[in-house]
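Data first, discussion second: the structure below is written as structure tokens.
Side-chain atoms are counted along with the backbone in the values below, which use heavy atoms only and exclude waters and symmetry mates.
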Amino acid sequence: QVQLVESGGGLVQAGGSLRLSCAASGSIFSINYMGWYRQAPGKQRELVARIAGGGSTNYADSVKGRFTISRDNAKNTVYLQMNSLEREDTAVYYCYAAVPTGRYWGQGTQVTVSS
């Protein structure tokens, strides 16, 4: 089993920044992908950013140039640096990990952007 714990969410003014962290623990021998999804009220869950084992990244068009995903392999931790936040970024953000034996989700952390 793999456990994912997010931190760093909260309330921020439009134009501000937040950094989310997701620490993975448990039976981890390798990680194929780690990333972030988000879900706003009344909307489908969508991929925000993903980083693969080789370091390649993928971003939703809506966050390109504003968000950056990174990792610390020694800590099995992935980060999401969010800059120039907009009201439309308000959502519950979920950490995701794909390992050879399964796929896992974190509990979610609320990000609220106000103006």
Side-chain angles (χ1 to χ4, degrees):
Q1 284 294 115
V2 175
Q3 314 296 326
L4 303 175
V5 179
E6 300 106 330
S7 62
L11 175 66
V12 66
Q13 296 273 41
S17 298
L18 285 174
R19 189 176 77 157
L20 306 183
S21 299
C22 175
S25 62
S27 300
I28 302 172
F29 299 96
S30 65
I31 297 175
N32 295 336
Y33 301 94
M34 290 190 72
W36 295 91
Y37 286 72
R38 68 185 181 188
Q39 188 167 28
K43 297 183 179 180
Q44 293 182 296
R45 188 173 298 187
E46 64 174 346
L47 176 68
V48 178
R50 186 180 70 180
I51 185 165
S56 62
T57 58
N58 189 32
Y59 296 92
D61 288 342
S62 60
V63 307
K64 287 180 179 178
R66 300 189 297 120
F67 291 10
T68 302
I69 189 169
S70 61
R71 68 185 179 191
D72 183 338
N73 287 339
K75 297 181 179 180
N76 285 326
T77 299
V78 66
Y79 305 93
L80 185 67
Q81 179 67 46
M82 305 185 293
N83 298 328
S84 301
L85 283 162
E86 305 166 355
R87 288 187 62 187
E88 292 73 21
D89 296 315
T90 295
V92 177
Y93 285 70
Y94 296 91
C95 184
Y96 170 83
V99 300
T101 56
R103 303 170 184 176
Y104 300 89
W105 293 92
Q107 78 285 351
T109 185
Q110 177 71 48
V111 172
T112 302
V113 183
S114 63
S115 62

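- Residues that satisfy the side chain to side chain donor-acceptor pair (under 3.5 Å) test with Ser70, not counting sequence neighbours, are absent from this structure.
- Closest approach of Met34 and Leu4 over heavy atoms only: CE-CD2, 4.2 Å.
- For the side-chain hydrogen bond (donor to acceptor under 3.5 Å, both in side chains) condition, no pair includes a residue of residues 47-60, sequence neighbours left out.
- Heavy atoms only, all atoms of each residue included: Val5 and Gln107 are closest at CA-OE1, 3.9 Å.
- Identified under the ring-ring contact (aromatic ring centres under 6.0 Å, His included) test for residues 91-115, with sequence neighbours left out: Tyr37-Tyr96, Tyr37-Trp105, Tyr96-Trp105.
- Across Ala52 and Arg71, no two heavy atoms sit closer than the pair O-NH1, 2.6 Å.
- Residue Ala24 comes nearest to Ile28 through the heavy atom pair CB-CD1, 3.6 Å, listed as atom of the first residue, atom of the second, then distance.
- Members clustered with Tyr79: none, using a 4.5 Å side-chain heavy-atom cutoff among hydrophobic residues.
- Listed by chain and number, the residues in a side-chain contact (heavy atoms from CB on, under 4.5 Å) with Ala23 are Thr77 (sequence neighbours excluded).
- To the nearest 0.5 Å, atoms CG (Asn73) and CD1 (Ile51) are separated by 8.0 Å.
- The main-chain N or O of Thr90 is never found under 3.5 Å from a side-chain atom of Thr112 such that the two would form a donor-acceptor pair.
- Arg38 pairs by the salt bridge (charged side-chain N to carboxylate O under 4.0 Å, His left out) definition with Glu46, Asp89, not counting sequence neighbours.
- Of all heavy-atom pairs spanning Val92 and Gly108, the tightest one is CG1-CA, 3.9 Å.
- Here Glu86 pairs with Arg66 under the salt bridge (charged side-chain N to carboxylate O under 4.0 Å, His left out) rule; sequence neighbours left out.
- The side-chain hydrogen bond (donor to acceptor under 3.5 Å, both in side chains) contacts involving residues 18-35 comprise nothing, where partners must be two or more places apart or lie in separate chains.
- Among residues two or more places apart in sequence or in another chain, the salt bridge (charged side-chain N to carboxylate O under 4.0 Å, His left out) test is passed with Lys64 by Asp61.
- Taking a 6.0 Å sphere around CZ of Arg45, one finds it holds more than 12 heavy atoms contributed by other residues, nucleotides or ligands.
- For the pair Val111 and Leu20, the minimum side-chain heavy-atom distance is below 4.5 Å.
- Within the structure, disulfide bond (SG atoms under 2.5 Å apart) contacts touching residues 45-110 (residues at least two apart or in different chains) are Cys22-Cys95.
- Rounded to the nearest 0.5 Å, atoms CD (Gln81) and CG (Leu18) are 8.5 Å apart.
- When every heavy atom of Ala91 is checked against every heavy atom of Gln110, the shortest pair comes out as O-NE2, 3.4 Å.
- Residue Leu11 is found outside any hydrophobic cluster, as its side-chain heavy atoms come under 4.5 Å of no other Ile, Leu, Val, Met, Phe, Trp or Tyr.
- Here the straight-line distance linking atom OG of Ser114 with atom CG of Leu85 works out to 10.5 Å at 0.5 Å rounding.
- Among residue pairs with one or both ends in residues 28-78, none qualify as disulfide bond (SG atoms under 2.5 Å apart); sequence neighbours excluded.
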